[in-house]
Amino acid sequence: MADRLLDKIDQPRDLKPLTHEELSRVAQEARDTIISVITERGGHLASNLGVVELTLALHRAFDSPTDRIVWDTTNQMYTHKLVTGRRDEFKDIRLEGGLSGFGEPSESEHDTLAAGHAGTGLSIALGIAQGSANRRLNSWTIAVVGDGAMTSGSSFEALNNIVHLNPEKFIVVLNDNGMSISENIGFLTNWRKRMITHPEYQPMVDRMKALSRRVPTGGLMYNLVKRFNTALDGFVIPTMFWSEMGFQYLGPVDGHDFRQLEQTLRQAQNTTGLVPLVHVVTHKGHGYEPAEDDPVKFHQPSSPLGDGSGAPTYSHVFSQTVSRIMREDENVVGISAAMLEGTGLASVRQEFPDRIFDVGIAEQHAVSMAAGMASNGLKPFVSIYSTFLQRAFDQIVHDVCLQNLPVTVIADRAGIVGEDGKTHHGAFDISYIRCLPNVVLAAPKDENELQHLVYTAYKHAGPFAIRIARGAAVGVPLDEELRELPIGRGEVVREGGDVVIFGLGKSLNAALEAADQLADYGISCGVVDPIFVKPLDEELILDAANKAGRIVTVEENVLAGGFGSAVIEALAAAGKEDAAVLRIGMPDSFIEHGTAADQRRQLQLDAEGITQQILGEFFPDAGLSSIASRRDWGKAV
């Protein structure tokens with residue numbers, strides 16, 4: 001077996017002496033490595049396969065890290081990692097202690113920033129370019145932005161300012177693949193749709209696929225057609241838009257042709273007084289047929305579909321409940337921001353295509369649009385990942401809560417999310433939502449409670465927020481009939497007189513396990529499902545304070561401003577400052593990547609961690625005596 005050329009690439013400069021034939025070998029070896037690792041390990045697959053050639057061409061045309069390459073979102077940097085000294089560590093990407101699945105400056109000087117939210121790259125790159133100019137550095141700044149990020153309003157704010165400042169040694173590379181995660185929306189995709197909806201387009205593609213499997217030269221013919229389509233795509237795009245905005249438009253360029261890529265990138269360095277915009281047409285999943293055929297499914301094939309228990313995901317239960325409500329009320333609508341698949345609304349759109357709206361990567365717009373709908377008699381559900389919902393904070397404040405409108409926000413992927421790491425944990429939504437007037441904020445312990453909360457939100461005449469966890473739910477049976485839950489009322493799940501744990505949302509199961517473990521120490525532990533963060537069930541809290549005197553709150557949110565803080569505030573307001581409260585939650589730091597189970601164990605958010613913290617805080621003698629008895633038992637054995 002021949003040695004891999006990729007194994008000789010330790011730094012980007014090692015790519016420069018290669019011939020185009022050798023570069024093609026490196027590209028294929030990088031693609032094979034990504035497919036092999038990510039199909040087994042999980043991660044962002046289709047997007048990374050689409051930019052292999054572009055990544056190598058950028059590193060040949062520029063001198064990283066002197067020249068700064070800024071990748072918008074940074075989840076498509078796998079080839080970049082392979083050629084910047086991290087090849088041997090790539091096998092452990094997204095695992096605890098391994099490489100991040102996103103850009104990470106602490107890993108390499110070639111990574112400009114750690115970013116997991118689309119639409120920020122142009123602004124950051126402009127800031128870097130301006131910094132280089134002010135410091136008189138002779139370096140290029142290259143912003144690589146996907147067309148999906150162009151649905152983000154922040155991208156257009158940056159484009160406007162780029163043209164205004166017109167910085168030298170600044171290049172925008174538009175990676176145009178027609179996708180973000182869900183299919184893109186808006187004017188930038190209309191040209192593609194006109195092409196692919198032509199009645200002869202798909203039959204031609206199907207015929208060429210079938211032919212490629214039957215004749216010896218079919219594969220070559222099919223690839224020629226695909227190359228033709230790439231060129232035709234770029235020809236049809238309204239290039240006048242970029243020129244009229246004030247950019248020097250270069251392209252379209254076949255994003256899988258090294259010669260075209262390098263020639264155009266070098267041409268972009270010959271400045272004409274305008275910022276160059278290099279339009280590169282790529283194909284998500286390129287070189288891996290399953291990902292080419294279904295780039296949405298293979299965007300991140302590790303996304304949780306269940307845990308093997310047969311339990312549905314929380315997102316699935318939400319979407320099924322919304323579907324039930326929509327069948328009964330035509331005024332109910334759903335909105336998401338380029339995340340229809342992840343939030344479960346894609347299946348709802350199949351039944352209600354005119355009542356489910358994908359606004360693209362535009363979370364602020366999504367919430368304001370929902371406010372407008374609600375003001376005109378509709379009942380909108382806005383489902384956005386917690387980490388992305390942060391971007392719409394002002395709209396929740398000003399357009400929803402201030403107006404006291406019946407908009408329901410689903411903060412999906414709230415709490416620990418695992419391998420995506422610090423850019424994606426839903427760690428702050430309780431803190432920034434519960435402080436707002438008029439809002440109701442809840443977190444279900446299981447899927448049955450979730451469906452009733454969704455129905456309760458639908459019946460409520462004001463702002464309502466529900467946070468749901470990533471992945472599989474508990475596996476409890478679902479009630480046939482939906483019912484309204486009394487707002488601001490929790491539920492005692494288990495009685496106990498020594499200490500009471502308030503386990504919010506997903507944390508309730510760990511709290512119940514901890515109560516069982518504490519029973520082994522002779523400690524009577526009660527467990528409460530609070531359900532609501534706002535309004536709180538103050539009666540339950542005061543009852544626990546009076547009977548047990550010791551309260552533990554468990555939540556997957558930062559402690560600052562979280563559910564535990566709300567409990568302390570309620571006790572103080574009631575004059576119960578003498579009640580002992582132990583708050584367990586996420587720390588005042590960003591949590592790195594790894595499995596969700598490992599993260600909960602390290603943060604002591606699992607049952608064992610909860611037990612040990614309660615023993616250490618309230619029952620140190622019980623813990624010590626138990627440890628001693630276990631040691632004695634070990635000696636006896």
Side-chain angles (χ1 to χ4, degrees), residues 304 307 311-318 321 343 383-387 389 408-418 425-434 439-454 456-457 464-476 485 487-494 500-515 527-537 540-541 551-559 561-567 583-586 591 596-597 599-600 603-607 609-610:
D307 61 357
T313 65
Y314 285 100
S315 302
H316 176 76
V317 174
F318 155 68
T321 307
T343 60
S383 187
I384 298 174
Y385 289 9
S386 171
T387 185
L389 186 62
T408 298
V409 173
I410 305 296
D412 202 331
R413 268 61 165 182
I416 297 293
V417 299
H425 292 300
F428 311 107
D429 54 87
I430 292 177
S431 303
Y432 68 73
I433 293 177
R434 84 169 183 90
V439 74
V440 174
L441 174 58
K445 70 177 185 294
D446 57 37
E447 58 267 48
N448 190 46
E449 196 164 84
L450 170 59
Q451 68 166 353
H452 296 315
L453 277 173
V454 171
T456 304
F464 207 110
I466 304 171
R467 69 185 323 248
I468 59 177
R470 181 184 188 184
V474 179
V476 300
L485 300 180
I487 292 177
R489 294 296 180 190
E491 177 188 6
V492 176
V493 179
R494 175 171 173 161
V500 178
I501 305 175
F502 285 72
L504 183 70
K506 186 181 180 71
S507 299
L508 186 84
N509 284 329
L512 285 169
E513 291 181 35
V527 178
V528 172
D529 172 18
I531 307 177
F532 294 93
V533 177
K534 185 176 184 178
L536 282 171
D537 190 335
L540 270 182
I541 294 169
I551 291 176
V552 179
T553 62
V554 185
E555 61 190 304
E556 289 196 3
N557 190 85
V558 293
L559 292 175
F563 170 65
S565 295
V567 170
R583 295 179 303 147
I584 297 175
M586 298 170 73
I591 301 164
Q599 289 165 347
R600 291 189 176 98
L603 298 174
Q604 292 190 289
L605 285 166
D606 62 352
I610 294 169

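From a predicted model like this one, the values you see are computed outputs, not experimental measurements.
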Inset, instruction - List for me each residue that meets side chain to side chain donor-acceptor pair (under 3.5 Å) alongside Asp412, sequence neighbours excluded, and say none if there are none. - result: Ser315

Inset, instruction - Can you see which heavy atom on Leu508 is nearest to which on Val528, and at what distance? - result: CD1-O, 3.5 Å

Inset, instruction - Go through the structure and list residues passing ring pair (Phe, Tyr, Trp, His ring centres under 6.0 Å) with Tyr385, not counting sequence neighbours. - result: Phe388

Inset, instruction - Before giving the answer on side chain to side chain contact (heavy atoms under 4.5 Å, CB included), spell out for Leu605 and Met586 the whole-Å C-alpha distance, their side-chain angles and the decisive distance to 0.1 Å. - result: CA-CA 8 Å; Leu605 285 166; Met586 298 170 73; 4.2 Å; yes

Legend entry - All salt bridge (charged side-chain N to carboxylate O under 4.0 Å, His left out) counterparts of Asp537, not counting sequence neighbours: Arg489

Legend entry - Heavy-atom pair of closest approach, residues Arg583 and Gly564: CD-C, 3.5 Å

Inset, instruction - Start with the C-alpha gap between Ile468 and Val317, add the side-chain angles, then the distance that decides, and say whether side chain to side chain contact (heavy atoms under 4.5 Å, CB included) holds. - result: CA-CA 10 Å; Ile468 59 177; Val317 174; over 6 Å; no

Legend entry - For the student: nearest non-hydrogen atoms of Leu536 and Val567, plus distance: CD1-N, 4.1 Å

Legend entry - Beyond-backbone contact of Thr321 with Leu450, side-chain heavy atoms, under 4.5 angstrom: no

Legend entry - Closest non-hydrogen atom pair between Arg467 and Gly415, with its separation: NH2-N, 3.6 Å

Inset, instruction - Check whether any side-chain heavy atom of Val533 sits under 4.5 Å from a side-chain heavy atom of Asn557, and report yes or no. - result: no

Inset, instruction - Find the distance between CD1 (Ile430) and CD (Glu555) and round it off to the nearest 0.5 Å. - result: 5.0 Å

Legend entry - side chain to side chain donor-acceptor pair (under 3.5 Å) partners for Gln451, two or more places apart: Asn448

Legend entry - Close side-chain approach of Phe428 and Ile433, heavy atoms under 4.5 Å: no

Inset, instruction - Name all residues meeting the side chain to side chain contact (heavy atoms under 4.5 Å, CB included) criterion together with Glu513; count only those two or more places apart in sequence or in a different chain, and write none if there are none. - result: Ala607

Legend entry - All ring pair (Phe, Tyr, Trp, His ring centres under 6.0 Å) counterparts of Phe532, not counting sequence neighbours: none

Inset, instruction - Return the set of residues passing salt bridge (charged side-chain N to carboxylate O under 4.0 Å, His left out) with Arg434 (not counting sequence neighbours), or none when no residue passes. - result: Glu569

Legend entry - CA sep, side-chain torsions, deciding dist, call: Ile487, Phe464, side chain to side chain contact (heavy atoms under 4.5 Å, CB included): CA-CA 11 Å; Ile487 292 177; Phe464 207 110; 4.0 Å; yes

Inset, instruction - Give, for atom CG of Leu603 and atom CD1 of Ile591, the distance between the pair rounded to the nearest 0.5 Å. - result: 4.5 Å

Legend entry - Pairwise side-chain contact, Leu540 with Pro530, heavy-atom cut-off 4.5 Å (strictly under): no

Inset, instruction - Just jot down the side chain to side chain donor-acceptor pair (under 3.5 Å) partners of Ser507, sequence neighbours excluded, or say none. - result: none

Legend entry - Closest non-hydrogen atom pair, Ala457 against Ile466: CB-CD1, 4.2 Å

Inset, instruction - Measure the CD1-NE2 distance between Ile416 and His425 for me, rounded to the nearest 0.5 Å. - result: 5.0 Å

Legend entry - Interatomic distance, Tyr432 atom OH to Leu441 atom CG [nearest 0.5 angstrom]: 10.0 Å

Legend entry - Evaluation steps, side chain to side chain contact (heavy atoms under 4.5 Å, CB included), between Val439 and Lys534: CA-CA 7 Å; Val439 74; Lys534 185 176 184 178; 4.2 Å; yes

Legend entry - Non-neighbouring partners of Glu449 that pass side chain to side chain donor-acceptor pair (under 3.5 Å), sequence neighbours left out: Lys445

Legend entry - Value rounded to 0.5 Å, distance of CD1 in Ile410 from CD1 in Ile384: 10.5 Å

Inset, instruction - Report the distance from atom CG of Asp446 to atom CG of Asp529, rounding to the nearest 0.5 Å. - result: 8.0 Å

Legend entry - Sidechain-backbone polar pair: Glu447 side chain, Thr313 backbone, donor-acceptor under 3.5 Å: no

Legend entry - Non-neighbouring partners of Glu556 that pass salt bridge (charged side-chain N to carboxylate O under 4.0 Å, His left out), sequence neighbours left out: Arg600

Legend entry - Heavy-atom closest contact (Leu453 atom, Ala443 atom, distance): CD1-C, 4.2 Å

